[in-house]
Amino acid sequence: MRTDSLLAGLNEPQRQAVATNSGPLLVLAGAGTGKTRVVTYRIARLIRRGVAADRILAVTFTNKAAAEMVERVTQLIGKRDVQPEISTFHSLCVRVLRRHITKIGYPAKFAIYDRGDQESMAARVLREISIPTAQMKPGDLLYFISSWKMRGIRPDKAASHAQTDKEHLAAAAYRRYQHALKAAGAVDFDDLLLCTEQLFIESPEARRSEAQRFDHILIDEYQDTNGSQYRIIKGLAVAHRNLCVVGDDDQSIYGWRGAEVEHILRFNVDWPDAKVVRLEDNYRSTAEIIAIANRLIRYNRVRHDKSLIAARAGGEKPKILQFPTETDEAEQTVADIVRRLAREDCEPNDFAILFRTNEQPRLFESELRRANVPYVLIGGMSFFDRKEVRDILSYLRMLVTPEDEPSLLRIINTPPRGISQKAVQAMVDEAVKRGCPVWEVLPHASRLPDCSSRSAEGVQELMRLVGTFRKRLEEKSFADGLMELLREIRYEEDIRRRLKDDPEGQQARWNTVEELVNALAEYESRAKKPSLTGFLDDILLAGRDQDRDKDKQLGRNAVALMTMHSAKGLEFPQVYMVGMEEGLLPHHRSVAVEGDAIDEERRLCYVGLTRAEERLTLSLALTRRKWGKPRPTDPSRFLFEIAGQADNPHAKPEPQSSARWQPSAKKKQPAAKKQRPAGKPKRKKKSAGRRSQRQS
Ligand code: ATP
Ligand code: MG
């Protein structure tokens, strides 16, 4: 039977999970054991057994993971008219809210604020309650607000969670911020989850109608769900109870964002009849890599003990190297890649360099450039953070909702139309005074004392523009309408003026604009019922975790540079984990606080180790610059744990040139040239596009 042919590619416990047709199901298993494979095969099997594809919802954490899942399922079942709904939590919530948000008092066309919008709103709030920037920056306020929101703490409860003076100030500002957001008909990214949760509580009818859309729900990386995500899923699954979750408590790395690993550990308490499947065979990494990953994770106190058994025997022993400085570390790492590319049968996209913080990749980038090795920095400056993209999106958002204040303020004089900064300030002040959106003040701008006649003309011009193009975009294709708008505001001339000595820069910026027009056209051809709001939702969600760029980048044959957080779920034949030092991994923030923070860093380290399929190299620099001055470092405690010498976490190796690191402080270090053990067997040639086939 065709359905059974699907089961042939699975081991026995995977088969049990995939063949479970209904009821609550938990797959709790270590890294690389095929959890994501179980999810995709199960979706395919349900469809082959006659479940309508659009009655299946699969949720995961990043757009990249969602896109990969779509691809895997399509490969298994072929292209069909009706597809299962495979989405991230945030996109799922946007869709729910677009249908029902009016029930909790927001307009149906609510705007979703991105980081820049949030900052301008936070700045306005701080101004209104007279908190000087020296006391609290908009970014600080947003940090507090977001950490409350991710823990489900609403404005009225924030004060009771505040401890420091700064937190109390932030709690007061949070109330105001939320009020201002709602007045503008807007939500921020964290609100997408909170509002959906609130909607399900306040409108059981909305919850029921959303729940009735599906008969099966599957969730990947369940260990990283936060309270709101957990309750939303429960609300959707409670009637049919066909809920399958897969995850690994040892890979829970978003505690700092409110994720609660207890959700996965408690699954069979919430769903007492849940079937629990454990997977033990790791198909990804060699036995040597699994051995050190197992050794490390055992140091975590609170965890489900589970064994990870390598299905691939043998392999090269992972190496731990130390270098005098961080520059040497980057140079030698890249030199190693270059050597391997020359001698072995491998390609640039077999390699990943993983690091803990966003500041670390710079040196590796310089070295890779020098060595002419193609690389991609994943999670770097996203397409969506570029000025041109943000400008144009602001125009589009203004056309949908002129009350959208951050967008209005962004483009009010971009490109310049004679409106002075003083006039803008006067309009904002007037709006605060009247308690209305700035847009409503615009018609009266000429009456404000600080608004010159030149500024008032500029304001008139902007209002005319918005009026004209709101209509025009309804009549034409969006992409054509947008091109006309760009001509009308002379955006290309503006780029030329801004970058007058940099023709290459002008071209690059203009290419960015073109790319956005392409995105709009592509959206129009793809969407069933295209609307500007739909496009803006799409783009915001794509840009948020920078996966849109990531998708493109991973397709390129290039060395991947990324944080351990963004590497979750991925796999690479050869992995370098760099900066294995106290303060970096574990990060200094987690060293300073009590509780589970070190354990979370250890899980992050475990995620890094278990990305490697065949070769793993860990390295540290004995000195690293801080404010320009080299400072001695301490090796990461995790290295001692991996080496089985955790009792002596403060032992420090003597400074040496690049050398194999030894946990014992007293031992003389072997010389640098010993880095590469001889006689490593050559790998088999891989077929092109192997990476995209891995996550089946
Ligand atoms: P992570 O914990 O990192 O998310 P995972 O448990 O989701 O990992 P997968 O990514 O599904 O694991 O699988 C890891 C690798 O093992 C993939 O390359 C997958 O194709 C392969 N794999 C999984 N199960 C099998 C199997 N039964 N036979 C052969 N290969 C398998
Ligand atoms: Mg996975």
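Only a predicted model underlies this, so the values are computations on that prediction, with no experimental measurement involved. First listed ligand is number 1; within each ligand, the first listed atom is number 1. Residue numbers start at 1 and run along the sequence shown.
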To which of R312, K35, E571 does the heavy atom nearest atom 5 (P) of ligand 1 belong? K35
Looking only at non-hydrogen atoms, which of R37, R284, Q223 approaches atom 10 (O) of ligand 1 most closely? R284
Whether the side chain of [X] engages the backbone of [Y] through a donor-acceptor N/O pair (distance < 3.5 Å, no angle test) should be reported.
X	Y	answer
N242	D215	yes
E581	A621	yes
R356	P586	no

Centroid separation F214 to H240 less than 6.0 Å: no
Indicate, with yes or no, if the rings of F61 and F89 have centres closer together than 6.0 Å. yes
Does G32 reach ligand 1 with a nitrogen or oxygen that is under 3.5 Å from one of the ligand's nitrogen or oxygen atoms? yes
Looking at R340 and D336, does any basic side-chain N land under 4.0 Å from a carboxylate oxygen? yes
Under 4.0 Å, counting heavy atoms only: does T33 come that close to any atom of ligand 1? yes
Would you say G9 contacts ligand 1, with heavy atoms under 4.0 Å as the rule? yes
Would you mind running through ligand 1 and noting each atom that sits below 4.0 Å from a heavy atom of [X]?
X	result
N11	27 (N)
G34	5 (P), 6 (O), 9 (P), 11 (O), 12 (O), 13 (O), 23 (C)
R611	3 (O)

